[in-house]
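Here is the structure we will look at.
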Amino acid sequence: ESWMGVSTQTFEAGLGGFTTIDDSAPIVWHLSDVDSWSGTKSVNFSNPATGTYAGGGSSVSGQLWSPAVMVPPFTAGTPYVEFQMLLETEWDDNPPSEFPVGFPIDELCVGLISVDAAASYASCMWDTSTWHTSHLLNTTRGAWMTNRVDLSDFVGETIHVVWEFDGDSAKNNYAGPFIDDVAFGSA
C-alpha cells in the first residue's frame with residue numbers, strides 16, 4: 001500500500017528533489033535516456049559522454065539522495081522503499097567463482113539516515129547492516145530488478161534514502177547502475 005502524499009518518482013520530469021554528491025566528475029549521477037524501467041528516463045551513475053563509469057585508472061564513487069520523506073508511524077505492516085535497478089559492471093563478464101565476498105568492487109549500497117543526522121552520513125559501503133548488491137554478485141545480468149529496503153527502524157522519522165555506487169580503478173568500461181521508479185509503501 002502506497003503512503004498518502006508520496007508518489008512514485010519515475011524521473012520522467014527530472015530529478016524531482018533527488019540530489020547528488022559526485023566525487024568523480026565527469027562520472028556522475030545524471031538523468032539518462034539510455035535505459036529505463038518505465039517511460040524513457042532513469043538515473044544512471046556514469047560519464048554522460050561515454051555511458052560508462054571508467055575513470056581513467058581511478059576509483060569512482062557517487063551518491064544519489066532522495067528528498068526527505070516521513071516514514072509513517074504505522075502500527076501494522078512493514079514500511080519500505082522500493083526501486084527498480086539495472087546494474088552493469090565487470091561482474092557481467094567475470095565468473096561468480098571470482099567474486100570477492102565482503103570486499104566492495106563495483107557495488108551499490110542503499111543507506112538510510114534520519115534528516116537530523118544527515119550531515120554526519122558516512123558511506124554505507126562497509127556497513128553490513130545496509131542493503132548491498134553483493135547478494136546479486138554486483139550485476140543484474142542485463143535485467144531490471146525490483147528491490148525493497150525495509151524502513152522499520154525509522155518508523156515515525158523523516159529520512160533520506162541514499163544510493164551509493166563505488167567502483168574500483170579497473171575494468172570499469174560498463175554502464176553502471178540505473179535507478180528508476182522509486183516508491184515508498186508498506187506491506
Side-chain angles (χ1 to χ4, degrees), residues 2 6-56 58-67 69 80-94 96 99 104-112 123-125 130-151 160-185:
S2 295
V6 178
S7 61
T8 299
Q9 176 53 270
T10 64
F11 301 109
E12 294 304 303
L15 290 177
F18 280 68
T19 57
T20 67
I21 297 174
D22 299 303
D23 300 327
S24 310
I27 299 148
V28 296
W29 284 101
H30 62 94
L31 284 176
S32 172
D33 59 6
V34 171
D35 208 334
S36 63
W37 171 255
S38 68
T40 61
K41 294 192 178 359
S42 63
V43 181
N44 173 230
F45 183 74
S46 69
N47 180 333
T50 65
T52 73
Y53 61 95
S58 298
S59 60
V60 297
S61 65
Q63 299 171 353
L64 174 68
W65 285 62
S66 76
V69 63
Y80 61 82
V81 59
E82 181 176 276
F83 61 97
Q84 305 299 321
M85 179 187 68
L86 173 70
L87 180 59
E88 182 186 299
T89 70
E90 68 185 80
W91 300 106
D92 285 30
D93 298 327
N94 292 346
F99 187 77
I105 296 177
D106 300 346
E107 185 166 318
L108 181 91
C109 61
V110 178
L112 307 170
S123 173
C124 58
M125 273 305 146
T130 63
W131 186 95
H132 287 257
T133 56
S134 59
H135 71 279
L136 303 171
L137 301 181
N138 289 349
T139 178
T140 60
R141 304 256 179 227
W144 280 89
M145 297 185 74
T146 301
N147 303 277
R148 276 191 179 177
V149 177
D150 185 347
L151 303 178
H160 290 286
V161 179
V162 182
W163 289 263
E164 181 176 350
F165 186 77
D166 193 39
D168 64 354
S169 59
K171 294 179 152 182
N172 291 344
N173 201 27
Y174 296 89
F178 292 85
I179 305 295
D180 204 359
D181 289 16
V182 176
F184 294 87

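We use all heavy atoms of the structure for the numbers below, so side chains are in, but hydrogens, waters and symmetry mates are not.
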Using a 3.5 Å distance criterion without hydrogens, assess whether the side chain of [X] forms a donor-acceptor pair with backbone atoms of [Y].
| X | Y | value |
| --- | --- | --- |
| E88 | A175 | yes |
| S24 | I27 | no |
| S123 | M125 | yes |
| H160 | G111 | no |

For the atom pair [atom1] ([X]) and [atom2] ([Y]), what is the distance rounded to the nearest 0.5 Å?
| X | Y | atom1 | atom2 | answer |
| --- | --- | --- | --- | --- |
| K171 | N94 | NZ | CG | 4.0 Å |
| N47 | T52 | CG | OG1 | 6.5 Å |
| D180 | N44 | CG | CG | 11.0 Å |
| L87 | F45 | CG | CZ | 12.0 Å |
| K41 | L15 | NZ | CG | 11.0 Å |
| D92 | T139 | CG | OG1 | 3.0 Å |

Pairs involving residues 133-149, ordered by first then second residue, that meet salt bridge (charged side-chain N to carboxylate O under 4.0 Å, His left out) (sequence neighbours left out):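 Listed by first then second residue: E82-R148.
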
Can you name the nearest heavy-atom pair linking [X] to [Y], along with the distance?
| X | Y | value |
| --- | --- | --- |
| Y53 | G167 | CE1-CA, 4.4 Å |
| C109 | T130 | CB-OG1, 4.4 Å |
| S42 | W144 | CB-CH2, 4.1 Å |
| S169 | S59 | CB-N, 3.8 Å |

Among N138, N172, N173, exactly one meets side-chain contact (heavy atoms from CB on, under 4.5 Å) together with E90. Which residue is that?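 So the option named by the test is N172.
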
Do you know which of F165, W29, W37 makes side-chain contact (heavy atoms from CB on, under 4.5 Å) with I179?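 Passing option: W29.
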
Mind telling me whether F11 and F18 have parallel, tilted or perpendicular rings, with 30° and 60° as the class edges?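 Correct class here is perpendicular.
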
Decide whether S38 and D181 meet the rule of one side-chain donor and one side-chain acceptor closer than 3.5 Å.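 A pair is found: one side chain offers a donor N or O, the other an acceptor, under 3.5 Å apart.
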
Flag for Q84-T146: side-chain donor and acceptor within less than 3.5 Å: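 Yes, side-chain donor-acceptor contact under 3.5 Å.
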
Applying side chain to side chain contact (heavy atoms under 4.5 Å, CB included) to V182 and V81, what does each step give before you reach the verdict? CA-CA 7 Å; V182 176; V81 59; 3.9 Å; yes

Check: [Y] and [X] side chains under 4.5 Å, non-hydrogen atoms:
| X | Y | result |
| --- | --- | --- |
| V110 | F83 | yes |
| F178 | S32 | yes |
| L31 | V43 | yes |
| D166 | E107 | no |
| S66 | W163 | yes |
| W91 | L136 | no |

